[in-house]
Amino acid sequence: MEDQSTLTPTDVNFFSKNDNTINDGSSISNGLEEQEVTNRIELSAEDETNLVTIDPVMPATSSVRSDSGNGDDKRLHCLDLLRGLIVAIMAWDHCKDFLSLYRGNDGTKPGDTTDSGWGKHTEAYAGELEMFSGKFQYFFARAVSHICAPGFSFLMGVGMIMLKESRMRNSGWDKARVCRFFVVRGIVLILLGFVVRAAFLIVPPPIHQAKHINRALADLFGFFQVMTSLGLSMITAAPLVTHALPCLTTEATRETDSSAVSEPSPMTDSSAAPLLLPSNHDTPNSDVRHPTSWKKISIIWTVCTLLASAILAIEQYLVWSRQGSDPGKAHMAGATTFGEILLRFTFVPGEFGSIPSLDYYPFLPWFAITLFGIAFGASLVLHSCRGQMIKSCTAYSGLSLLFAFVLVRFFGGRVFSMRGWPLNEGRAYPLISFLNVCKYPPSVSYILLTMGINLLLLNGFSRIGHPDKYFLSRFLWTFGRVPLAFYVLHFYLITTIAVIIRAATGGVPGIPLSWVILVWLGVLVIMKGICDHYAAFKAKTSPESIWRFF
């Protein structure tokens with residue numbers, strides 16, 4: 001059995017200068033003809049539809065078959081599985097927020113939703129840090145969902161690379177059309193965020209009741225969330241993915257690639273220079289193999305790393321200037337001027353001045369994570385053996401990030417850590433204090449911890465093979481193929497359940513956390529059926545269908 005974690009070799013031309021032709025000289029047509037090379041992998045009509053499928057918060061992954069006709073599915077299932085796990089954990093966090101009676105917050109007592117009873121509750125850069133009354137089970141119930149937002153941002157970066165490759169190669173799109181497509185999808189994501197917010201009109205989560213902001217205006221427009229961040233990140237990344245990176249890599253490697261293709265091969269001709277050569281990875285019987293384009297990979301990683309580092313450095317400076325010597329006594333003042341409002345959407349979270357609204361997801365720090373996803377996706381496109389790359393790269397990278405997190409928390413002081421142990425916060429609860437990282441905005445230590453976990457999970461999923469092997473992987477695979485539909489619908493399902501629970505309990509605002517676990521499992525079962533039906537429907541639509549947005 002061939003490795004289940006690879007893409008088709010025809011995907012390697014992401015950084016081609018000629019956007020509408022394959023580097024072996026053959027043009028792209030709607031019906032892909034049989035190739036004369038015995039071991040060449042091709043796309044079937046159905047596979048091509050799957051290849052160009054992408055949700056705004058998911059990467060498109062390809063499905064291919066070998067010429068042997070056995071139809072072995074070669075989709076990058078590990079990406080689907082990681083995405084599915086992320087949305088399942090996200091559903092847990094939302095069930096906890098909407099349904100839980102006792103969240104274990106500092107000073108909070110069961111059923112007490114007054115301002116004084118709510119106690120200290122912040123994961124942001126300013127204000128008294130939430131320590132969950134020293135109860136690790138409540139801290140874990142919240143912290144487990146920290147991997148979700150960075151996971152979405154990272155996978156979106158991977159997905160933008162994959163979608164550009166597939167649309168330009170298999171649908172004949174030019175770079176301008178792909179760029180417009182990303183911009184439109186980014187706008188749709190932002191608008192869908194408000195569709196999701198409408199669920200809060202059904203039943204506000206307890207934190208909104210406690211802070212007395214359960215008015216319709218505040219519930220609908222009062223919180224710019226992860227969807228806003230993802231949408232703005234996609235719009236910002238569009239010209240980088242479609243124009244800037246291909247231009248940089250093509251010009252920088254023109255001379256190298258020209259010499260590399262001086263000898264024609266059965267799969268290329270000399271007219272392809274200086275374009276990227278397709279590689280025959282995972283076709284062991286082929287006599288033709290081409291090296292990984294390490295120079296192009298290094299250029300992309302350098303550009304993305306420099307941009308991300310600059311963003312995070314600016315974020316760190318802006319946060320430090322507002323924290324002062326004691327973040328616990330700092331205050332997130334409401335934004336009133338144009339410059340302050342601009343910072344709310346770009347770098348520093350907080351409230352707006354005269355309107356009941358706040359933005360906890362300024363998009364640029366999250367865009368930095370998307371940049372790493374773009375670099376990772378480009379490496380998949382340019383590498384000669386993607387399956388092996390995922391298994392080795394994610395393992396080493398994940399462990400390295402976690403090791404760096406430990407170093408930063410123990411020896412970094414305030415550098416790279418905005419809250420918690422390095423700032424002597426919550427030392428009475430050492431484990432919670434050490435792991436309690438700043439999410440709003442994401443600190444470097446938060447990114448190291450969550451992305452280290454995400455990469456190790458991706459590594460584990462890459463070793464599973466086909467998701468049909470296991471019951472749990474089938475569940476996650478279903479969610480991972482239609483994550484945006486899951487995201488939108490699960491909010492309304494959870495709020496409907498909240499209404500039923502409150503009616504059955506005489507208006508009690510929630511249930512014990514242990515009961516929430518059972519409700520969450522029930523939500524996943526219901527969503528599994530909904531997602532199965534939607535995935536089957538979506539597979540029958542054309543790549544241009546509006547239903548492909550979900």
Side-chain angles (χ1 to χ4, degrees), residues 14 19 48-62 79-80 83 86-87 90 148-197 224-246 345 361 363-364 366-374 376-378 381 479-489 491 534-535 537-539 541-550:
F14 170 79
D19 295 321
E48 183 179 355
T49 300
N50 291 333
L51 176 64
V52 299
T53 301
I54 180 172
D55 287 291
V57 293
M58 66 175 286
T61 50
S62 63
L79 298 178
D80 289 328
R83 198 163 46 243
I86 287 174
V87 296
M90 172 196 67
C148 296
F152 277 137
S153 298
F154 176 80
L155 290 174
M156 187 179 74
V158 180
M160 293 183 71
I161 292 288
M162 299 297 182
L163 184 138
K164 177 191 180 293
E165 171 68 9
S166 63
R167 289 295 169 94
M168 295 181 71
R169 177 157 307 285
N170 301 310
S171 301
W173 289 19
D174 59 20
K175 291 186 289 188
R177 185 175 180 183
V178 176
C179 188
R180 289 194 301 270
F181 182 84
F182 285 143
V183 171
V184 171
R185 286 213 163 184
I187 295 172
V188 169
L189 273 179
I190 295 172
L191 295 177
L192 283 176
F194 295 108
V195 173
V196 169
R197 291 288 304 173
F224 294 95
Q225 53 184 341
V226 68
M227 297 287 278
T228 306
S229 171
L230 289 171
L232 293 174
S233 294
M234 178 169 281
I235 293 170
T236 305
L240 178 69
V241 168
T242 58
H243 292 77
L245 287 181
F345 285 100
Y361 285 88
F363 84 95
L364 281 178
W366 302 99
F367 175 66
I369 302 175
T370 301
L371 287 171
F372 290 121
I374 290 172
F376 183 80
V381 167
F479 300 152
R481 287 182 295 167
V482 288
L484 187 57
F486 183 105
Y487 184 86
V488 173
L489 295 176
F491 269 104
Y534 184 77
F537 163 76
K538 179 179 173 181
T541 62
S542 71
E544 308 296 331
S545 172
I546 191 174
W547 297 108
R548 293 281 179 170
F549 278 82
F550 296 92

Test of ring centre spacing under 6.0 Å for Phe154 and Phe376: yes
Treating [X] as the side-chain partner and [Y] as the backbone partner, does any N or O pair qualify as donor plus acceptor under 3.5 Å?
X	Y	value
Ser171	Met168	no
Thr370	Ser153	yes
Glu165	Val381	no

Give, for atom [atom1] of [X] and atom [atom2] of [Y], the distance between the pair rounded to the nearest 0.5 Å.
X	Y	atom1	atom2	value
Ile187	Leu192	CD1	CG	12.0 Å
Leu232	Tyr361	CG	OH	14.0 Å
Phe363	Ile190	CZ	CD1	9.0 Å
Leu163	Arg185	CG	CZ	6.5 Å
Arg197	Met227	CZ	CE	12.5 Å
Arg83	Met156	CZ	CE	12.5 Å

Any side-chain heavy atom of [X] within less than 4.5 Å of one from [Y]?
X	Y	result
Leu240	Leu371	yes
Ile235	Phe182	no
Cys179	Lys164	no

Aromatic plane relationship, Phe537 with Trp547 - under 30° parallel, 30 to 60° tilted, over 60° perpendicular: perpendicular
Tell me whether the rings of Tyr487 and Phe491 are parallel (<30°), tilted (30 to 60°) or perpendicular (>60°). perpendicular
Mind listing the closest non-hydrogen atom pair of [X] and [Y] along with its distance?
X	Y	answer
Ile369	Pro150	CG2-O, 3.6 Å
Ala238	Val183	CB-CG2, 4.2 Å
Met90	Cys148	N-SG, 3.7 Å
Ile161	Ile374	CG1-O, 3.6 Å
Val226	Ala149	CG2-CB, 4.3 Å
Ala237	Phe367	CB-CE1, 3.7 Å

Step-by-step side chain to side chain contact (heavy atoms under 4.5 Å, CB included) determination, Thr228 to Leu189: CA-CA 7 Å; Thr228 306; Leu189 273 179; over 6 Å; no
Quiz item: cation-pi between Arg167 and Phe181, 6.0 Å / 45°: yes
Check ion pair Arg177-Asp174 (N to O, under 4.0 angstrom):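 Salt bridge: no.
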When you look at Phe486 and Val482, which way does the side chain to side chain contact (heavy atoms under 4.5 Å, CB included) test go after all the steps? CA-CA 6 Å; Phe486 183 105; Val482 288; 5.6 Å; no
